[in-house]
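In the text below, chain A, chain B and the rest are named by the order of the sequence lines, each starting its count at 1.
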Protein chains: 2
Amino acid sequence: MARKTSVSELTDHLGYWLRLVSNNVSTAFARRLEAEEVTVAEWFFLRALFDVDELAPSKLATVMGMTRGAISKLSDRLLAKRLIERSDNLDDGRAHTLRLSGKGRALVPKLARLADANDESFFGVLSSEEQAALRRALEKIAKRHGLNHTPVD
Amino acid sequence: MARKTSVSELTDHLGYWLRLVSNNVSTAFARRLEAEEVTVAEWFFLRALFDVDELAPSKLATVMGMTRGAISKLSDRLLAKRLIERSDNLDDGRAHTLRLSGKGRALVPKLARLADANDESFFGVLSSEEQAALRRALEKIAKRHGLNHTPVD
DNA sequence: TCACGTAAGTTTACATGGAAACTATATCGC
DNA sequence: GCGATATAGTTTCCATGTAAACTTACGTGA
């Protein structure tokens, strides 16, 4: 992790390498998504809605690990692009419900293929065993730290 | 990496896990650095200067993988905090030289210990062998994609 | 039933970083 | 030497996210 001696170097930290690779993977993915005029955050948002049919913004905030404010703005953008629909909740005057529009639902599989291709382009340099080990390590850390990829309850 | 069937899930992508863990590691580190009123980007900046004595902003941009504009603004902030010094280059009227101030140099070891502790808190849940494997995998990807942690030439 | 505390969303104020335009200075080719 | 081009840094504009204030609506307890 870090040298024992004096002042550790940037590259001594696994966090450094994680950040370096992660930022590059995300940036490269963002470039691919540009073709569909969608951002990485929007992809997460749309994919999260894909298998639940409808979801409250606050739940989405939890799932995505973002603030409600950020979800509010993301929703505005996706609404403007007609990729989602937002409706008032009849039971609760405060609550809203978000769902994919037909256009949004149709787009998700295409975005998923872009995600597949991006993942492959980076992690394809690793053997299957290395990929599995990487996944295990990351999941282990996520689990031990209670990181949210929180299932929609 | 991704399921063969229909629409891949978020968690199918290693990029998803990488981003999840990386963002959490960085955020946690940022919290620790708050005690010293320094950001993660500023830590990188200061640590990069630590062993070279002086460096041009444009070099730093390359090393840090940021734009010159970002470095310019980072420099302004670090100057305001008196952690670095900036001087005009005598040979070249366009060029500047950045170096740590005494205060900045004194701070780096403290920040390094915070980085060590943060890394330990996340990656300590992995065995030495797992940590080594993670490092190898990340370095392999970085190398194959020419990601910059570019040594100062 | 109504006052108070809580919850859902939105909005505002900030912070930060990229892209591209802009300024000043070098350097190259002739 | 000088015009064209490139380079160093800065600045402006924009996008995006957090934190916290704010608005509205619930729910609960006496």
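With hydrogens and angles ignored, a donor-acceptor pair closer than 3.5 Å exists between the side chain of B:Arg94 and the base of D:dT7. In this model, no side-chain donor or acceptor of B:Lys73 finds a partner on the base of D:dG9 within 3.5 Å.
For the pair A:Asp88 CG and C:dT10 P, the interatomic distance rounds to 10 Å; values are reported in whole Å. Rounded to an integer number of Å, the gap from B:Leu78 CG to D:dT10 C1' is 16 Å. Going from atom CG of B:Asp92 over to atom P of C:dT25 covers 10 Å, rounded to whole Å. Atom-to-atom, CG of B:Asn23 to C1' of D:dT18 comes out at 13 Å; the value is rounded to the nearest Å. Atom NE2 of B:His96 and atom P of D:dT7 are 18 Å apart (whole Å). Between the CD1 atom of A:Ile71 and the C1' atom of D:dA19 there is a distance of 15 Å, given to the nearest Å. The nearest whole Å value for the distance from the CG atom in A:Asp91 to the C1' atom in D:dC26 is 12 Å. Atom CH2 of A:Trp43 is separated from atom P of D:dT16 by 18 Å (rounded to the nearest Å).
Counting any heavy atom pair closer than 4.0 Å across all strands shown, A:Ser72 reaches a base atom. Using a 4.0 Å heavy-atom distance criterion, B:Gly69 is classed as a base contact. At a threshold of 4.0 angstrom between heavy atoms, the contacts of A:Asn89 with the nucleic acid are absent.
Under 4.0 angstrom from either OP1 or OP2 of D:dA15 there lies no side-chain N or O belonging to A:Thr39. Checking the phosphate oxygens (OP1, OP2) of D:dT16, a side-chain nitrogen or oxygen of A:Arg77 falls inside 4.0 Å. Not one side-chain nitrogen or oxygen of A:Ser58 sits closer than 4.0 Å to the OP1 or OP2 atom of C:dA7.
Of the candidates D:dA19, D:dT10, C:dA8, C:dA8 carries the atom nearest the A:Ala95 side chain, counting heavy atoms from C-beta on. Residue A:Arg86 places its side chain closer to C:dT10 than to any other of C:dT16, C:dT10, C:dA13. With distances taken from any side-chain atom of B:Pro57 to the nucleotides D:dG9, C:dG18, C:dG17, the minimum falls on D:dG9.
Between B:His13 atom NE2 and A:Glu120 atom CD the span is 10.5 Å, to the nearest 0.5 Å.
In this structure, B:Arg86 does not pair ionically with B:Glu54, as no charged nitrogen and carboxylate oxygen lie closer than 4.0 Å. The pair B:Glu42-B:Lys81 counts as a salt bridge, with a side-chain nitrogen and a carboxylate oxygen less than 4.0 angstrom apart. Ion pairing between a basic and an acidic side chain is recognised when a charged N comes within 4.0 Å of a carboxylate O; B:Glu34 and B:Arg31 show such pairing.
A:Asp119 contributes a side-chain N or O that, together with a main-chain N or O of B:Leu14, makes up a donor-acceptor pair within less than 3.5 Å.
When each of A:Asp76 and B:Leu90 is assigned the nucleotide of DNA chain C bearing its nearest heavy atom, the one mapping closer to the 5' terminus is A:Asp76.
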